[in-house]
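Note sheet for the following structure.
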Amino acid sequence: SQTIHQWPATLVQPVGSPLSLECTVEGTSNPNLYWYRQAAGRGLQLLFYSVGIGQISSEVPQNLSASRPQDRQFILSSKKLLLSDSGFYLCAWQAERGGYGYTFGSGTRLTVV
Amino acid sequence: AQKVTQAQTEISVVEKEDVTLDCVYETRDTTYYLFWYKQPPSGELVFLIRRNSFDEQNEISGRYSWNFQKSTSSFNFTITASQVVDSAVYFCALVPGTASKLTFGTGTRLQVTL
C-alpha cells in the first residue's frame, strides 16, 4: 500500500534562517506531488506541484522554492524565512492519472520567530 | 476554471444533532470528481469520499451521507447524530476527469459540543 511521510512534525525557526521540509512517498511510481500551506484558521493554499522529476510548477510567487530530486521525494525550501512563512505545511501525493484525489501527509507546523 | 463554494464558515451543534455541510461547485467539464476531506485538530487531512459526475446515487457510510445533485451543482454532506469526535474542518473539492489539481473550497469548521 502507499504511504506518505512528511517531517519534521513541528519546527520553530528564526527569521532569516533557511528551511528544508521533506516529503517522501512509498508504494507508488511517478506520483503527482503537491505542497500546500494553511495559515491558522484558513483554507488550503497550493504552493507547488510536480508531475515528474525536476518538474516544478509554482502557484504563488514568494521566497519559497521546491525541488523533486527523485521520483518519490519532494522538498520545500527557503533561503531566508519571513514571519509570514509561519503556517501548517502539507505535502500530498496523487496517482498520475486524472481524476484522482490526494493523500496527504501529516503536516509540518512551522513557526517563524 | 473550476470553483468550489462552502458558504458555511463555522457551524456549532450539540451532540446527537444532525448537521449538513453545504458544497456548491462550478465546472464546464462533463466528467469530474467530487471529494470530501476531514481535517481534525491534529491537522492531517483525511479522505472521506470520491464521487464521479455520472453517479448521482446518494451514498451512506455509517453516520455519514452524501447528497449529490447535478441539477443544483451541489454535493452536500450530512452527519447524523453528531459526536464530539466529528469536530473538525471539512473541505469539499473538485477535479475534472482529465486534470490533476484539485480545487478546494474554503472549508467549514464544525464544532460539536456536549
Side-chain angles (χ1 to χ4, degrees), chain A residues 1-11 21 23 28 30-52 55-60 74 86-111, chain B residues 1-11 21 23 25 27 29-55 66 75 77 87-111:
Chain A
S1 63
Q2 303 89 358
T3 56
I4 179 169
H5 303 280
Q6 189 179 342
W7 67 92
T10 60
L11 195 58
L21 302 180
C23 173
T28 187
N30 199 32
N32 297 330
L33 296 171
Y34 300 83
W35 277 112
Y36 280 84
R37 178 170 63 196
Q38 188 177 31
R42 306 292 295 274
L44 300 166
Q45 179 188 33
L46 178 61
L47 301 176
F48 301 95
Y49 70 96
S50 172
V51 298
Q55 300 178 59
I56 308 295
S57 296
S58 174
E59 290 289 304
V60 182
F74 204 24
S86 293
F88 189 57
Y89 289 80
L90 287 155
C91 180
W93 80 270
Q94 177 193 45
E96 62 174 322
R97 297 180 299 280
Y100 281 81
Y102 300 164
T103 299
F104 286 88
S106 53
T108 295
R109 202 165 297 280
L110 171 67
T111 304
Chain B
Q2 278 62 239
K3 185 177 180 181
V4 176
T5 301
Q6 294 180 257
Q8 303 153 308
T9 306
E10 289 193 35
I11 301 175
L21 309 182
C23 174
Y25 62 90
T27 182
D29 293 86
T30 55
T31 302
Y32 52 90
Y33 296 85
L34 296 162
F35 305 84
W36 277 95
Y37 287 85
K38 174 183 180 181
Q39 186 179 36
S42 61
E44 182 176 348
L45 271 85
V46 177
F47 166 82
L48 295 178
I49 190 172
R50 172 180 181 257
R51 174 54 53 88
N52 77 61
S53 54
F54 296 107
D55 182 4
W66 290 269
F75 186 42
F77 173 31
S87 298
V89 179
Y90 292 86
F91 290 93
C92 181
L94 174 147
V95 67
T98 56
S100 297
K101 282 190 295 178
L102 268 64
T103 297
F104 284 90
T106 50
T108 297
R109 181 177 300 276
L110 174 64
Q111 186 72 35

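Chain naming here is simple, since letters A, B, ... match the order of the sequence lines and numbering starts at 1 in each.
With chain A as the partner, the residue from B:Tyr33, B:Tyr32, B:Phe47 showing the most heavy-atom pairs under 4.5 Å is B:Tyr33. The most heavy-atom pairs under 4.5 Å with chain B, out of A:Gln38, A:Arg42, A:Gln6, come from A:Gln38. If you tally non-hydrogen atom pairs under 4.5 Å between each of B:Ala93, B:Gly107, B:Ser100 and chain A, the highest count goes to B:Ser100. Interface remark: of the candidates A:Ala92, A:Ala95, A:Gly105, A:Gly105 forms the most heavy-atom pairs closer than 4.5 Å to chain B.
Only the backbone of B:Ser42 comes within less than 4.5 Å of a heavy atom in chain A; its side chain stays farther off. The contact between B:Thr106 and chain A is made entirely by backbone atoms, counting heavy-atom distances below 4.5 Å. Heavy-atom distances place the side chain of B:Phe91, and not its backbone, under 4.5 Å from chain A. With a 4.5 angstrom heavy-atom cutoff, A:Tyr89 does not touch chain B via any of its atoms.
Within the 4.5 Å cutoff, the side chain of A:Tyr34 has heavy atoms near those of the B:Lys101 side chain. Using a 4.5 Å heavy-atom threshold, the side chains of B:Glu44 and A:Leu90 count as separate. Taking the side chain as every heavy atom from C-beta outward, A:Leu44 and B:Leu45 approach each other to under 4.5 Å.
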task = Show the numbers, then the answer: is there a side chain to side chain contact (heavy atoms under 4.5 Å, CB included) between A:Phe88 and B:Gln39?
result = CA-CA 12 Å; A:Phe88 189 57; B:Gln39 186 179 36; 3.9 Å; yes

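Shown here for A:Tyr100 and B:Phe35, the closest heavy-atom pair between the two residues is C-CZ, 3.7 Å.
Aromatic ring pairs are classed by plane angle as parallel below 30°, tilted from 30° to 60° and perpendicular above 60°; the pair B:Phe104 and A:Tyr102 is tilted.
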